[in-house]
Undergrad: 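I have a structure here, written as structure tokens, and I will follow up with some questions on it.
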Amino acid sequence: MEEKILTTKKNGMAVLLLSILLYILAVVLLILGASGACAPTYVHANGSILHDYSRFDPSGIFVACGLIWLCLGWILFLGLKVLKPQEALVLTLFGKYVGTLKGEGFYFVNPFCSSVNPAAKTKLNQSGDVDSGKSNALGAVLTAANGQTQQVELSSKKVSLKIMTLNNSRQKVNDCLGNPVEIGIAVMWRVVDTAKAVFNVDNYKEYLSLQCDSALRNIVRIYPYDVAQNVDTTGDGVADEGSLRGSSEVVAQRIRDEIQSKVADAGLEIIEARITYLAYAPEIAAVMLQRQQASAIIDARKMIVDGAVGMVEMALDRLKENQVVDLDEERKAAMVSNLLVVLCGNQNAQPVVNSGSLY
């Protein structure tokens with residue numbers, strides 16, 4: 001299905017004014033015909049006005065034309081279309097696609113053309129479609145017999161060409177190591193081909209949402225949540241350090257490309273995809289937190305031990321270099337042990353003063 005852009009002139013205002021004038025003319029003709037003002041007349045010798053019914057009387061034609069226009073003239077109003085910036089209208093005539101109106105303006109098209117937009121009533125968690133308790137579509141308020149007020153929505157058949165933001169619901173997906181993670185994405189998209197969007201898929205908004213879920217699962221299962229050993233995320237057969245947490249830009253780009261490949265036939269363009277939420281699933285979040293804490297403690301202990309050993313080596317070298325005291329191997333071992341206990345302990349050491357002999 002190829003998109004056809006209609007080059008209809010913006011003559012809606014002229015048709016509207018012409019229709020109103022014709023309605024006024026029809027009312028005038030109806031009044032003239034009903035009153036017989038157009039019947040042939042002549043003036044009698046005594047001054048009275050008489051009607052000559054032997055001549056042609058156009059009153060009946062005036063009444064017929066006025067009634068016909070009053071009954072059928074409203075059909076022209078069906079062809080009046082108003083478009084705002086970044087809006088389009090897909091038109092069909094008795095089931096055949098005739099073209100798409102684009103560009104703001106007041107148009108007049110074939111009154112028997114109908115606009116098509118199967119996604120007009122679809123509500124997704126996205127900009128321009130979020131139902132936050134207030135109707136965002138044209139609506140009318142009706143009062144029922146029991147006195148309750150009801151909101152009746154009159155959805156528009158126009159196709160928005162603006163950039164939309166789809167904030168899909170969070171998905172629970174297993175990463176490449178089998179750990180369940182929760183992830184959410186925001187997708188910026190827009191319609192670039194109205195004919196494909198309307199006719200190639202049943203509902204392009206729902207189609208986009210399902211493809212986002214599918215692409216998200218396909219990409220997330222390739223990556224681990226955090227950096228892991230012997231994991232190939234690029235498919236080149238070489239282990240790398242790719243992860244959901246550390247390579248969010250790369251993951252988002254791959255998700256965007258995956259979605260674009262799926263929705264191209266629907267006339268949609270994916271501008272950008274971003275990860276908005278990333279966390280372990282609640283059932284393993286506590287265990288993974290303990291694992292991270294343990295890893296952090298081990299790394300901290302390694303750093304403390306490395307620093308303590310260096311300080312002990314420096315102390316022994318300084319004592320030997322300055323010839324402050326001459327220690328044998330047994331006393332060196334005791335000094336090293338005491339210094340390591342003091343430097344690696346979690347609490348401050350209590351000093352003990354030796355007032356006796358060292359030996």
Side-chain angles (χ1 to χ4, degrees), residues 1-6 10 81-91 97 99-107 115-138 153-171 183-220 248-278:
M1 180 64 68
E2 296 293 334
E3 183 182 46
K4 295 185 293 184
I5 307 298
L6 296 178
K10 304 175 183 179
K81 306 295 182 182
V82 178
L83 288 182
K84 300 177 183 178
Q86 295 298 320
E87 285 184 346
L89 205 60
V90 180
L91 300 176
Y97 172 62
T100 301
L101 279 180
K102 284 186 177 181
E104 68 275 12
F106 193 11
Y107 295 89
S115 55
V116 181
N117 184 7
K121 297 182 179 180
T122 303
K123 303 296 180 183
L124 297 178
N125 188 22
Q126 63 182 14
S127 59
D129 270 340
V130 179
D131 188 6
S132 59
K134 298 181 180 179
S135 175
N136 60 353
L138 179 63
E153 292 187 0
L154 304 177
S155 57
S156 175
K157 294 295 185 179
K158 299 174 184 177
V159 178
S160 177
L161 304 179
K162 301 176 183 178
I163 298 177
M164 306 286 285
T165 301
L166 172 62
N167 189 12
N168 237 23
S169 58
R170 297 175 184 175
Q171 301 292 321
I183 185 170
I185 59 172
V187 179
M188 277 63 76
W189 65 280
R190 64 182 174 185
V191 177
V192 293
D193 192 312
T194 57
K196 289 183 179 180
V198 171
F199 298 113
N200 282 9
V201 294
D202 182 58
N203 189 317
Y204 62 89
K205 292 182 181 179
E206 293 181 354
Y207 181 79
L208 172 64
S209 180
L210 292 176
Q211 293 300 330
C212 287
D213 292 342
S214 176
L216 184 63
R217 292 181 178 275
N218 291 339
I219 300 301
V220 170
S248 58
E249 294 290 335
V250 178
V251 175
Q253 183 62 33
R254 294 188 66 175
I255 293 175
R256 183 258 173 204
D257 295 339
E258 180 78 8
I259 300 174
Q260 181 62 65
S261 64
K262 301 296 184 182
V263 302
D265 291 337
L268 306 180
E269 178 188 5
I270 307 301
I271 299 174
E272 189 179 14
R274 290 292 178 182
I275 297 176
T276 58
Y277 181 84
L278 179 62

Undergrad: Going by heavy atoms in the side chains, are K10 and F106 under 4.5 Å from each other?
TA: no

Undergrad: Return the minimal non-hydrogen interatomic distance between K102 and T194, and the atom names on each side.
TA: CE-CG2, 4.2 Å

Undergrad: Between Q211 and E206 (side chain of the first, backbone of the second, donor and acceptor by atom type, cut-off under 3.5 Å), is there such a pair?
TA: no

Undergrad: Take L278 and S248 through the test side chain to side chain contact (heavy atoms under 4.5 Å, CB included) and record every step on the way to the result.
TA: CA-CA 10 Å; L278 179 62; S248 58; over 6 Å; no

Undergrad: Hey, could you give me the CD1/CD distance between I271 and Q260, rounded to the nearest 0.5 Å?
TA: 9.5 Å

Undergrad: How many angstroms lie between CG in N167 and CE in M188, if you round to the nearest 0.5 Å?
TA: 10.0 Å

Undergrad: If you round to the nearest 0.5 Å, how far is CD1 of I275 from CD1 of I183?
TA: 4.0 Å

Undergrad: Work out which heavy atom in E3 is nearest to a heavy atom in V192; give both atom names and the distance.
TA: OE1-O, 4.0 Å

Undergrad: Rounded to the nearest 0.5 Å, what separates atom CH2 in W189 from atom NZ in K205?
TA: 6.0 Å

Undergrad: What residues form a side-chain hydrogen bond (donor to acceptor under 3.5 Å, both in side chains) with D257, not counting sequence neighbours?
TA: Q253

Undergrad: What is the distance from atom NZ of K4 to atom CG of L91, rounded to the nearest 0.5 Å?
TA: 11.0 Å

Undergrad: Compare every heavy atom of A119 with every heavy atom of N203, then report the nearest pair and how far apart it is.
TA: OD1-CB, 3.2 Å

Undergrad: I need the full list of salt bridge (charged side-chain N to carboxylate O under 4.0 Å, His left out) pairs touching residues 265-275, with sequence neighbours left out, sorted by first then second residue.
TA: R190-E269, E249-R274, E272-R274

Undergrad: To the nearest 0.5 Å, what is the distance between SG on C212 and CD1 on I255?
TA: 9.5 Å

Undergrad: Got a sec: does the NZ of K162 have more than 12 other heavy atoms crowding it under 6.0 Å?
TA: no

Undergrad: So, for Y207 and K262, which heavy atoms are closest and what is the spacing to 0.1 Å?
TA: OH-O, 2.8 Å

Undergrad: So, do Y204 and V159 sit near enough that their side-chain heavy atoms are less than 4.5 Å apart?
TA: yes

Undergrad: Looking at every heavy atom in both L268 and L208, which two are closest together, and how far apart are they?
TA: CD1-CB, 4.0 Å

Undergrad: Looking at residues at least two apart in the chain, or sitting in another chain, which of them share a salt bridge (Lys or Arg N to Asp or Glu O under 4.0 Å) with E87?
TA: K158

Undergrad: Nearest heavy-atom pair of A88 and T100: which atoms, and what distance?
TA: CB-CG2, 4.0 Å

Undergrad: What do the steps show when you test V90 against F199 for side chain to side chain contact (heavy atoms under 4.5 Å, CB included), and what is the final call?
TA: CA-CA 10 Å; V90 180; F199 298 113; 3.7 Å; yes

